[in-house]
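Throughout, a chain's letter reflects where its sequence line sits, starting with A, and its residues are numbered from 1.
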Amino acid sequence: MRRVFTRIAAFDAPALTWKNPLMTVRTRFAPSPTGHLHIGGVRTALYSWLYARKHGGEFVLRIEDTDRERSTPESINAILQGMSWLGLEFDEGPFYQTQRFARYGELIDKLLAEDKAYYCYCSKEELESMRAEQRARGEKPRYDRRCRDAGHKPHGDIKPVVRFKNPLAGSVVIDDQIRGHVVISNDELDDLIIARADGTPTYNFTVVVDDMDMKISHVIRGDDHLNNTPRQINMFHALDAAPPSYAHVPMILGADGQRLSKRHGAVSVLEFRDQGFLPESLINYLVRLGWSHGDQEIFSVDEMVEYFDIVNVNKSASTFNPEKLLWLNQHYIKSSPLEHIASHLRQYLGEHDVDPEAGPDPVEIVAAQRERSKTLVEMADKSLFFYRELDGYDEKQAKKNLTTDIAPVLTQLRTRLAEAATWDADALHQIVEEVAAAAGLKFGKLAQPLRVALSGGGVSPPIDTTLVLLGPERVLARIDQAPEYIGARAAQSA
RNA sequence: GCUCCCUUCGUCUAGUGGUUAGGACGCCGGCCUCUCACGUCGGUAACAGGGGUUCGAGUCCCCUAGGGAGCGCCA
């Protein structure tokens, strides 16, 4: 649901002051809807969310869609879905920057009127060649301010851009909650464009206006923005507002040390969901990536809220490790309430066109399979034989286990199972044991062929559990199939 | 190229001047066992390098190297 941001602009400092000693903590997640919801972004969202929750504050979702070329409704949807799946509920928003253009325009005019911004008529070509020359001289490319004092007014057909008058001297200090004291000289900063020729505002400006208007007290974001922060602080001052407190969290890298991206495999939240991960696994993994609380590895959401503190976040980038995420996922699959896992499993089973309500109860399946599944996709795949007719046998397993020697034993077993008084694990286990003993076989020598006959493969839950779950009808039918197969194969090789 | 940031086992991390440098994932081995797993016990493995400061440095300072980010009318 869209809610339009209508708050009247407020210029009082969002920082802690004598006027406002009980300032509420307000954090935000501000993704641009130009692709999937990346787990790097999710981690900053999680940290922001935790910070707000811990301090009894508010968490705001803002969609930064000023780039109309690249923003898509699908991406907005992916962000909303991802946040909801992870349980990162927001208290306000989503706000859309494209709905706030009037406000940005108002403040651009204000800065122009106060001589804190100016019109610039430099063409893109002109700027490009200027940068090329600077690079050639070994300098950092930046706008040389040739229009700064030209006193341009809008005229004629050529539309000018608007640039912010960055202070020429002095330096900007960021007391970053993670990075500490960072000082950047204004010499390094040029006059950035705040309004394009078509009048639309640019990112660095809209961020400042929104963080100001939305009274964001703590900006927690990726450290790829650390270099943007000094210009943003300058703009806060130009707008007579106090900047928020900043915390720049390090990037997440792929195994090759490069910034995590598509080519490293799954990077979007929804992909992890589709691959069978539980939201709590991903949250737990991400909270521990770059942060820790002693030796603790497993955190409930309540524990995260209690223990998490942004100042304890690491400064260095960390490498994404799929194995550890898998381990966490298995941990949660193994230890969460059966019904909780089952409710997730039903969806994955549904994707295989099986009706979970028609076969064994998914809750029972989870109980039987949870210790041998690292993902819900894996659990669903391994459990299909409970719901579907067998689609042939695994060649290797069948050749090894479904032999002419075992065929008569299976037939005897079938007879005994058909007469079973009760269909429970203990009784069935005993039957298998007795039939094996009568044939002079160890338990496993009968259990494994039976497993192949029942599941088609060499892996299943303990054989008695498998029998119980499958139920008498399917069990007897499948045991009947086995000698047929054995006979056919014997005939073929003869 | 310039500016900013980072650096403990392969990976995630603990560590705030005195530790046999701890835990976790992974990997290897034992036990358990009807398969696969689970579990359990044990093992492997790190302070990037070099200078200082100090009785003493993973911890403080400097330099070097390596890595990351930014330098758009993208966000």
Side-chain angles (χ1 to χ4, degrees), chain A residues 30-34 64-67 69-71 97 120 122-124 127-128 131 134-143 159-163 174 176 179-180 182-185 187-190 192-198 200 202-204 206-207 222-230 248 250-251 253 255 257-259 285 288-298 314-328 330 334 369-374 382 397 401 429 432-433 436 442-452 455 457-464 466:
Chain A
S32 59
T34 54
E64 310 220 321
D65 55 350
T66 53
D67 185 350
E69 301 278 307
R70 298 197 301 150
S71 298
Q97 292 192 318
C120 167
C122 297
S123 68
K124 287 182 184 178
L127 295 171
E128 227 164 272
R131 287 188 203 108
Q134 288 167 330
R135 272 181 205 280
R137 286 198 299 268
E139 291 168 12
K140 178 177 179 173
R142 35 138 108 72
Y143 182 59
K159 300 289 182 209
V161 300
V162 177
R163 285 184 185 271
I174 309 167
D176 194 279
R179 297 312 166 97
V182 179
V183 183
I184 286 105
S185 168
D187 289 345
E188 296 300 326
L189 275 21
D190 63 1
L192 76 158
I193 291 172
I194 58 176
R196 302 182 181 92
D198 65 5
T200 58
T202 58
Y203 167 77
N204 275 295
T206 57
V207 167
D223 74 0
D224 47 337
H225 288 289
L226 187 57
N227 289 284
N228 286 327
T229 305
H248 286 94
M251 305 272 86
L253 273 26
Q258 298 294 111
R259 196 177 169 156
Y285 179 75
R288 270 289 284 107
L289 193 61
W291 173 81
S292 65
H293 178 73
D295 287 340
Q296 188 168 345
E297 295 289 346
I298 306 296
N314 268 201
K315 292 177 175 189
S316 54
S318 32
T319 305
F320 180 73
N321 185 330
E323 272 77 37
K324 188 153 184 184
L325 173 59
L326 238 18
W327 172 77
L328 273 164
Q330 183 170 33
K334 274 186 322 207
Q369 297 283 43
R370 66 199 319 199
E371 287 178 351
R372 67 204 89 241
S373 308
K374 287 185 191 295
K382 283 180 170 172
Q397 288 294 331
N401 293 292
H429 187 94
V432 177
E433 206 165 62
K442 285 172 70 178
F443 186 86
K445 292 293 176 192
L446 178 55
Q448 193 59 8
L450 178 59
R451 171 171 285 115
V452 177
S455 73
V459 177
S460 87
I463 202 66
D464 43 14
T466 303

**Message:** To the nearest 0.5 Å, what is the distance between NZ on Lys374(A) and CD on Glu323(A)?
**Reply:** 9.0 Å

**Item:** Nearest-angstrom distance from the residue atom CG of Leu192(A) to P of U3(B)
**Value:** 21 Å

**Request:** Take atom CG of Asp295(A) and atom P of G15(B), then tell me their distance rounded to the nearest Å.
**Result:** 9 Å

**Asked** Ile298(A) and Leu328(A): side chain to side chain contact (heavy atoms under 4.5 Å, CB included), yes or no, with the steps?
**Response** CA-CA 8 Å; Ile298(A) 306 296; Leu328(A) 273 164; 3.5 Å; yes

**Request:** Give none if G1(B) has no partner; otherwise give the nucleotide forming a Watson-Crick or G-U wobble pair with it, both distances under 3.5 Å.
**Result:** C71(B)

**Request:** Identify whether any heavy atom of Val452(A) sits under 4.0 Å from a base atom; if not, whether one sits that close to sugar-phosphate; answer base, sugar-phosphate or nothing.
**Result:** nothing

**Separation of C2(B) C1' from Ile184(A) CD1 (nearest whole Å)** = 14 Å

**Partner nucleotide of C32(B) by Watson-Crick or wobble geometry (both distances under 3.5 Å)** = none

**Message:** Applying the Watson-Crick and G-U wobble criteria at under 3.5 Å, what pairs with C27(B)? Answer none if nothing qualifies.
**Reply:** G43(B)

**Asked** To the nearest angstrom, how far is Asp176(A) atom CG from C5(B) atom P?
**Response** 11 Å

**Asked** Which part of the nucleic acid, if any, lies within reach of Glu323(A) when heavy atoms closer than 4.0 Å are counted: base, sugar-phosphate only, or nothing?
**Response** sugar-phosphate

**Prompt:** Nearest-Å distance, CG (Asn314(A)) to P (G58(B))?
**Reply:** 20 Å

**Complete:** Checking N1-N3 plus N6-O4 or O6-N4 for Watson-Crick, or N1-O2 and O6-N3 for wobble, each under 3.5 Å, the partner of U7(B) is A65(B)

**Asked** If the P atom of C73(B) is compared with that of G66(B), how far apart are they to the nearest Å?
**Response** 32 Å

**Prompt:** Syn or anti for C60(B), taking syn as within 90° of 0?
**Reply:** anti

**Item:** Nearest-angstrom distance, C1' atom, A46(B) to G22(B)
**Value:** 12 Å

**Message:** Looking at Lys445(A), I'd like to know if its NZ atom is crowded, meaning that more than 12 non-hydrogen atoms belonging to other residues, nucleotides or ligands lie closer than 6.0 Å.
**Reply:** no

**Request:** Could you give me the CA-CA distance, side-chain angles and deciding distance for Tyr203(A) and Gln97(A), then say whether side chain to side chain contact (heavy atoms under 4.5 Å, CB included) is met?
**Result:** CA-CA 10 Å; Tyr203(A) 167 77; Gln97(A) 292 192 318; 5.6 Å; no

**Item:** Closest nucleotide among U3(B), C6(B), C12(B) to the Lys315(A) side chain
**Value:** C6(B)

**Request:** Write down the distance between CD (Glu297(A)) and C1' (U11(B)), rounded to a whole number of angstrom.
**Result:** 12 Å

**Item:** Paired nucleotide for A21(B) [Watson-Crick or G-U wobble; both distances under 3.5 Å]
**Value:** none

**For atom CG of Leu326(A) and atom P of G26(B), their distance in whole Å** = 9 Å

**Request:** Rounded to whole angstrom, note down the P distance from C62(B) over to C5(B).
**Result:** 12 Å

**Integer angstrom distance from the C1' of G26(B) to that of C12(B)** = 11 Å

**Item:** His293(A) side, atom NE2; Arg288(A) side, atom CZ - distance, nearest 0.5 Å
**Value:** 11.0 Å

**Request:** Look at the side chain of Gln134(A) against the base of G1(B) and say whether a donor-acceptor pair falls under 3.5 Å; ignore hydrogens and angles.
**Result:** no

**Prompt:** For A75(B), does OP1 or OP2 lie under 4.0 Å from any side-chain N or O of Thr206(A)?
**Reply:** no

**Asked** Is the shortest side-chain N/O distance from Ser318(A) to OP1 or OP2 of U13(B) below 4.0 Å?
**Response** yes

**Request:** Considering non-hydrogen atoms only, spot the tightest contact between His248(A) and Leu226(A) and give its length.
**Result:** ND1-CD1, 3.4 Å

**Message:** I need the minimum non-hydrogen distance between Glu188(A) and Lys140(A), along with the two atoms involved.
**Reply:** OE1-NZ, 3.3 Å

**Asked** Where along nucleotides 61-73 of chain B does protein come under 4.0 Å, by heavy atom, of base (B) or sugar-phosphate alone (S), with - for untouched nucleotides?
**Response** -------SBBBSB

**Item:** For atom CH2 of Trp291(A) and atom C1' of U13(B), their distance in whole Å
**Value:** 12 Å

**Prompt:** What's the spacing between Gln369(A) CD and Ser460(A) OG if we round to 0.5 Å?
**Reply:** 7.5 Å

**Prompt:** Expressed in whole Å, how much space separates the C1' atoms belonging to A69(B) and G51(B)?
**Reply:** 29 Å

**Request:** To the nearest 0.5 angstrom, please state how far the SG atom of Cys122(A) sits from the CZ atom of Arg163(A).
**Result:** 6.5 Å

**Request:** Please test Asp464(A) against Val432(A) for side chain to side chain contact (heavy atoms under 4.5 Å, CB included), starting from the C-alpha separation and ending with a verdict.
**Result:** CA-CA 8 Å; Asp464(A) 43 14; Val432(A) 177; over 6 Å; no

**Prompt:** Using a cut-off of 4.0 Å on non-hydrogen atoms, how would the nucleic acid contact of Asn204(A) be classed: base, sugar-phosphate, or nothing?
**Reply:** base

**Complete:** Scoring nucleotides 32-38 of chain B by protein non-hydrogen atoms under 4.0 Å (B base, S sugar-phosphate only, - none) yields --BBBBS

**Request:** Select base, sugar-phosphate, or nothing to describe what Gly290(A) touches, counting heavy atoms under 4.0 Å on all strands.
**Result:** sugar-phosphate

**Message:** Tell me whether the rings of Tyr285(A) and Phe320(A) are parallel (<30°), tilted (30 to 60°) or perpendicular (>60°).
**Reply:** perpendicular

**Item:** Residues in salt bridge (Lys or Arg N to Asp or Glu O under 4.0 Å) contact with Arg370(A), at least two apart in sequence or another chain
**Value:** none

**Prompt:** For A75(B), does OP1 or OP2 lie under 4.0 Å from any side-chain N or O of Thr66(A)?
**Reply:** yes

**Request:** Write down the distance separating the C1' atoms in A21(B) and A37(B), rounded off to the nearest Å.
**Result:** 34 Å

**Message:** Can you check the distance between U40(B) and A48(B), where both ends of the measurement are the C1' atom (answer in whole Å)?
**Reply:** 37 Å

**Item:** Partner nucleotide of G58(B) by Watson-Crick or wobble geometry (both distances under 3.5 Å)
**Value:** none

**Inter-nucleotide C1' distance (C25(B), A45(B)), Å rounded** = 13 Å

